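Scroll down for the structure; my scribbles are underneath it.
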Amino acid sequence: MIMRARTSSFSALARSLGGFTAIQLVGFAAPFIALPVIARMVGAAEWVHLASAQAIGSLTAAVILFGWWTAGPSEYYRRSGKAARALLYRQSVLERAIVASVALPISFVVVAMITPPDFLLIAVLANLAMASYGFTPDWYFIAMRRPAKLALYETGPRAFGIVVGVGAILLTRDIIWYPLTQLVAAAIAYLLMIHLETPRSSGMTVSLKSGLRNLRSNMPIAASNILGAAYGQLTIPVASALATNGALAPYVAGDKLYKASRFTIVALGNTLQGWVLSAETYRRQMFAISFHIGWGIVGGSMLAVLTPWATHLLFGSELRVEYSTSIAFGVAFLFASITTPLVRNVLIPHGRRRLPLVATALALTVGLGGIWPFYSAFGVSGIGLAVAASEFVSAAVNGLSSIQVLRGVRREGRARPAA
């Protein structure tokens, strides 16, 4: 009987993993329909300006999400009934809208400060297209373990927007369509999702007062996520102050592959988080951690070996990444994969919300603080080494912090998440 239950559990996990992986692979591949076209239409300066605007937009998205990506699934499992869970999602939208009202204007000002006037409209739209990920419903469907819904309301619309945008770019020779069509497609999908998937229930409404109160309680998780996004997304804007556009352009190409490849870590984390938290045991926790370590080794090795070839093929010989940089990306990928289950499955669900914040603050200090000395010593490849060093610090601190929690889970068989 026990063996049958375990077999059923792993079969469900395999189906969920296959569904989420396939969807995330679409999200991984979709931008690379457009990026090779754009890379051949703009110069090195525009290429770097576009990447900087997108990086700031990604950081803005992390601010707008305000911890929901990490804490949302565990909050979902603390509620029972469709109406209560729908209310949770609507509450998250209200809170994210409050944050966006402050974060977006600041993001636009920063982009305007670092972008030439003749490229500003495209840069602002690219920034906004990335920032719109702050309203993603991903975490809600991850908790539900419904990959088809994720495809319907997130990955599918954005991929469709990119394809339409590429067609418009080829017809008009204007890259403004790349962010514009993504933005329109995502906005329509998000609004439909709220209307169709989280209907209002009698006597259950969201309020501004509760939204502000929840923002305060989510502050530690949000701060950790924002700091993590900062050392991941601010690398290029900071490095652009040190390196010339021509020298930095190949690194930008490799960085796009590195960040896109991290979607595979997200896909794996999405699947395993729901599986682990729905019926937590020590065995499930260790399976998830081991799986992430294994994928970190495999995926990191592929990134280290294949990135120079892939950037040459996709973007041309001028944007080919050197092996010294791709190896650094591979190491960073390994440690990012290791960190993911420790934060999402171990520390946050068990109330250790401040520990990831400390780890991320240390990683940010090492990552951004290390750009200048590493660049001075090793050139552009040193920027990648700074990224790898920051991911190592994050994995080490979160790993040490998780040991006590995992011991408790092992001792009790199934630990009760902290309120």
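Fair warning: this is a prediction, and the values are worked out from it, not measured in the lab. One-based numbering along the sequence shown.
Put simply, the side chain of V393 does not reach to within 4.5 Å of the side chain of F335, judged on heavy atoms. For the pair T281/R284, a side-chain contact is recorded, criterion being any heavy-atom separation below 4.5 Å from C-beta on. You'll find the side chain of F287 stays beyond 4.5 Å of the side chain of Y282, heavy atoms only. Inter-residue side-chain proximity for I383 and L248 is flagged as met; some heavy-atom pair is nearer than 4.5 Å. The shortest distance between side-chain heavy atoms of Y140 and R85 falls below 4.5 Å. Taking 4.5 Å as the limit, some side-chain heavy atom of M219 sits within range of a side-chain heavy atom of F66. Between I162 and P31, the closest side-chain pair of non-hydrogen atoms falls below 4.5 Å. Within the 4.5 Å cutoff, the side chain of P137 has heavy atoms near those of the Y190 side chain.
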Inset, instruction - Quick one: do W69 and I142 satisfy side chain to side chain contact (heavy atoms under 4.5 Å, CB included)? Show the steps, please. - result: CA-CA 10 Å; W69 178 264; I142 289 162; 3.8 Å; yes

Inset, instruction - Begin from the C-alpha positions of F108 and V111 and carry the test side chain to side chain contact (heavy atoms under 4.5 Å, CB included) through to its verdict. - result: CA-CA 5 Å; F108 296 156; V111 170; 5.8 Å; no

Inset, instruction - Start with the C-alpha distance between H292 and I338, add both sets of side-chain angles, then the distance that settles side chain to side chain contact (heavy atoms under 4.5 Å, CB included), and finish with yes or no. - result: CA-CA 6 Å; H292 271 278; I338 293 172; 6.0 Å; no

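The existence of a salt bridge linking E391 and R262 is confirmed by a sub-4.0 Å separation between a basic side-chain nitrogen and an acidic carboxylate oxygen.
Shortest non-hydrogen contact noted between L303 and G330 is CD2-N, 4.1 Å. Taking both residues in full, the closest heavy atoms of H350 and V346 are given as CD2-O, 3.0 Å, listed atom of the first, atom of the second, then distance. Nearest heavy-atom pair, T115 versus A123, reported as atom, atom and distance to 0.1 Å: CG2-CB, 3.7 Å. Shortest non-hydrogen contact noted between T311 and V321 is OG1-N, 3.1 Å. A pairwise comparison of heavy atoms in A143 and P73 identifies CB-CA, 3.9 Å as the closest pair. Here the closest non-hydrogen pair linking R78 and P349 is NH2-O, 3.7 Å.
Taking the six-membered ring where the residue is Trp, H49 and F119 present tilted rings, their angle falling between 30° and 60°. Using cut-offs of 30° and 60° for the angle between ring planes, the F329 and Y251 rings count as tilted.
Judged by distance alone, the side chains of R96 and S92 do bring a donor and an acceptor atom under 3.5 Å apart. Of the N and O atoms on the side chains of T172 and D174, not one donor lies less than 3.5 Å from an acceptor on the other residue. Side chain to side chain, R158 and S132 meet the donor-acceptor criterion of an N or O pair below 3.5 Å. Side-chain contact, E75 with W68: no donor N or O sits under 3.5 Å from an acceptor N or O. A side-chain donor from one of S107 and N127 sits under 3.5 Å from a side-chain acceptor of the other.
Although no hydrogens or angles enter the test, the distance criterion places no donor-acceptor pair under 3.5 Å between the side chain of S381 and the main chain of T325.
Here CH2 of W275 is found 10.0 Å from CG of N345. Values are rounded to the nearest 0.5 Å. Atoms CG and CG, on L347 and L406 in that order, are 8.5 Å from each other to the nearest 0.5 Å.
For Y89 and W139, the ring centers are positioned less than 6.0 Å apart.
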